[in-house]
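As a basis for the values below, the full set of heavy atoms in this structure was taken, side chains included, without hydrogen atoms, waters or symmetry mates.
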Amino acid sequence: MALNSEDLITIPGAVSRYVRLENGARAHYMTAGDVGPAVVLLHGGLAGSSGAAGWRMLMPFLAENGFRVYAPDRPGYGFADTREEYWPRHGWKSHTDFVRMFADALCLDRFHIGGNSNGCQNSVYFMLNNPERVISAPLIATGGIGNFAGVPADQQKRSTALRDAGPFDGTKDSMYRMLDAITFRKEALVDDVLEMRTRAARKQVDSLASSNLNRPPDDPNEYQWWNVAGRLNQLTIPMIYLHGLQDASAPVENAFLAEPLLPNIQFFYIDQCGHQCQTDQPDIVNNVFLEFLRDGKVSSETAERAGISKNRPALV
């Protein structure tokens with residue numbers, strides 16, 4: 001699988017690289033920064049997602065401020081290896097194993113980890129099963145936040161935004177409809193990103209379809225690994241969680257329900273913001289991530305801009 005120059009957008013300050021994983025897969029990633037603490041950022045789960053598409057605004061900013069940033073293309077996305085033996089057939093287990101192998105290949109023993117949407121869920125699975133490797137975790141907008149907290153399914157609000165937008169059918173128009181359904185700031189839907197995502201999604205159709213992320217494993221032992229309810233609030237890893245108030249894909253009401261059950265996590269609710277907070281409100285998210293990763297907390301001024309929850313005192 002070759003990476004063609006026309007398939008990838010240019011991100012000033014970031015470069016495209018490959019690394020060979022222990023299982024033989026060829027993993028593609030974007031990276032920015034040469035010194036400082038390592039940060040691994042995991043993109044979302046919509047068809048066509050990738051490290052470049054999800055983190056193009058945050059990566060250079062963190063690198064300019066003293067971090068080494070890595071944004072891999074997870075199996076089924078971007079320019080990940082499309083050979084059948086590397087399809088993510090075991091769902092979250094496959095994706096979590098990928099993060100471990102990726103970190104091992106780059107000799108990242110301990111690092112910060114962050115993710116958006118599906119990548120947020122992947123980050124949580126990695127932390128729960130490899131807590132000794134995670135320094136801290138800034139997380140963004142997952143539809144699984146209620147499940148992580150143990151909110152009963154019948155109390156959680158369901159969204160039809162992506163279903164109403166229709167599936168990806170191989171065209172750039174269908175890609176636009178999906179992204180339009182989850183994006184508040186429409187100017188973020190630039191043509192070169194749409195083109196990149198469309199090309200990547202076409203290559204990954206079969207691999208992505210193999211993942212079955214929402215289906216519980218049949219094996220009872222693997223189910224214990226898969227089931228996260230009641231486990232996240234036991235971690236002592238510093239964490240923050242950001243959610244857009246206008247998120248049409250993962251209703252913010254579920255974050256409201258989850259918050260009191262996750263007292264170890266500081267919640268933020270960003271206004272004029274959809275599902276991909278880091279591209280809808282990049283200035284706010286960039287500064288929240290920087291301060292949290294650098295200082296272990298978010299300043300009062302930045303926290304107010306980011307809509308820090310008033311439901312309980314700020315964690316400091």
Side-chain angles (χ1 to χ4, degrees), residues 1-3 8 11 14-45 48-56 58-60 62-63 67-140 142 200 203-204 207-208 210-211 213 225-226 237 278 289 293:
M1 180 197 66
L3 173 64
L8 186 65
I11 303 175
V15 295
S16 163
R17 290 179 177 159
Y18 280 99
V19 66
R20 183 76 63 183
L21 305 186
E22 68 182 56
N23 66 347
R26 191 167 178 255
H28 175 256
Y29 65 104
M30 299 297 295
T31 185
D34 298 317
V35 297
V39 182
V40 175
L41 298 175
L42 304 179
H43 60 75
S49 295
S50 65
W55 304 107
R56 62 190 185 276
L58 179 60
M59 289 185 66
L62 291 179
F67 290 91
R68 290 176 292 135
V69 188
Y70 305 89
D73 294 350
R74 299 186 295 120
Y77 299 99
F79 302 100
D81 202 319
T82 57
R83 289 175 289 177
E84 189 171 350
E85 58 265 39
Y86 304 120
W87 291 359
R89 297 184 186 277
H90 294 280
W92 291 118
K93 186 69 165 58
S94 294
H95 284 279
T96 302
D97 288 344
F98 168 82
V99 176
R100 179 191 59 76
M101 289 187 290
F102 176 75
D104 288 349
L106 295 179
C107 298
L108 304 179
D109 295 327
R110 295 192 76 231
F111 49 91
H112 302 276
I113 192 168
N116 171 228
S117 186
N118 185 289
C120 172
Q121 292 180 255
N122 197 174
S123 299
V124 169
Y125 274 107
F126 183 82
M127 281 192 291
L128 288 170
N129 292 282
N130 305 271
E132 74 285 353
R133 301 191 67 170
V134 179
I135 302 169
S136 74
L139 306 169
I140 301 175
T142 173
K203 295 178 180 179
Q204 297 287 352
S207 179
L208 181 58
S210 75
S211 62
L213 290 179
W225 183 98
W226 179 88
I237 297 168
Q278 70 271 27
F289 267 57
L293 294 172

query: Passes side chain to side chain contact (heavy atoms under 4.5 Å, CB included), N23 versus E85? Steps please.
result: CA-CA 10 Å; N23 66 347; E85 58 265 39; over 6 Å; no

message: As a quick check of understanding, evaluate side chain to side chain contact (heavy atoms under 4.5 Å, CB included) for K93 and W225, giving each step before the final call.
response: CA-CA 8 Å; K93 186 69 165 58; W225 183 98; 3.6 Å; yes

Stepwise side chain to side chain contact (heavy atoms under 4.5 Å, CB included) test for N130 and T96: CA-CA 9 Å; N130 305 271; T96 302; 4.2 Å; yes

message: Could you walk me through whether H95 and V99 satisfy the side chain to side chain contact (heavy atoms under 4.5 Å, CB included) test, starting with their C-alpha distance in whole Å, then the side-chain angles of each, then the deciding distance to 0.1 Å, before giving a yes or no?
response: CA-CA 6 Å; H95 284 279; V99 176; 5.9 Å; no

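Side-chain atoms of S210 come within 3.5 Å of backbone atoms of S207 as a donor-acceptor pair (strictly under, hydrogens ignored). Listed for the Y77 side chain is a donor-acceptor partner under 3.5 Å among the backbone atoms of G45. A donor-acceptor pair is defined here as one N or O able to donate and one able to accept, closer than 3.5 Å; such a pair exists between the side chain of R133 and the backbone of L108. The main-chain N or O of G91 is never found under 3.5 Å from a side-chain atom of S211 such that the two would form a donor-acceptor pair. Proximity of a side-chain donor or acceptor of W87 to a complementary backbone N or O of L208 within less than 3.5 Å is not detected. Panel note: side chain D73, backbone F79; a donor-acceptor pair is recorded below 3.5 Å. A donor-acceptor pair under 3.5 Å is formed between the side chain of Q204 and the backbone N or O of G78. In this structure a side-chain-to-backbone donor-acceptor pair under 3.5 Å is missing from R68 to G33.
Nearest heavy atoms, P131 versus I237: O-CD1, 3.8 Å. What you find for V19 and A105 is that their closest heavy atoms are CG2-CB, 3.6 Å. The two residues S123 and L42 come nearest to each other via the heavy atoms OG-CD1, 3.6 Å. Scanning both residues, M59 and A14, for their nearest heavy atoms gives CE-CB, 4.4 Å.
Side-chain contact check for L293 versus P37: every heavy-atom pair is 4.5 Å or farther apart. Residues L139 and M127 have side chains in contact (heavy-atom distance under 4.5 Å, counting atoms from C-beta outward). R26 places a side-chain heavy atom less than 4.5 Å from the side chain of R20. Proximity of W55 to N116: side-chain heavy atoms (C-beta onward) are separated by under 4.5 Å at one or more points. Two residues are said to be in side-chain contact when any heavy atoms from C-beta on lie closer than 4.5 Å; P72 and F98 meet this criterion. Between E84 and R89 there is a side-chain heavy-atom pair separated by less than 4.5 Å. By the 4.5 Å heavy-atom criterion applied to side chains, Q121 and L213 are not counted as neighbours. Two residues are said to be in side-chain contact when any heavy atoms from C-beta on lie closer than 4.5 Å; Y29 and L106 meet this criterion.
Taken to the nearest 0.5 Å, the OG1 atom of T31 stands 10.0 Å off from the CG atom of L41. Going from atom NE2 of H28 over to atom CG of L8 covers 5.5 Å, rounded to the nearest 0.5 Å. To the nearest 0.5 Å, the span separating NZ on K203 from OG1 on T82 amounts to 8.5 Å. The CG atom of N118 lies 8.0 Å from the NE2 atom of H43; values are rounded to the nearest 0.5 Å.
Applying the side chain to side chain donor-acceptor pair (under 3.5 Å) rule to S49 yields the partners R197; only residues at least two apart in sequence or on another chain are considered. Y70 meets the ring pair (Phe, Tyr, Trp, His ring centres under 6.0 Å) test with no other residue; sequence neighbours excluded.
There is a side-chain donor-acceptor pair under 3.5 Å between N122 and R74.
Taking the six-membered ring for Trp and thresholds of 30 and 60 degrees, Y125 and W92 have nearly parallel ring planes, at less than 30 degrees apart.
F126 and F111 have their aromatic ring centers within a separation under 6.0 angstrom.
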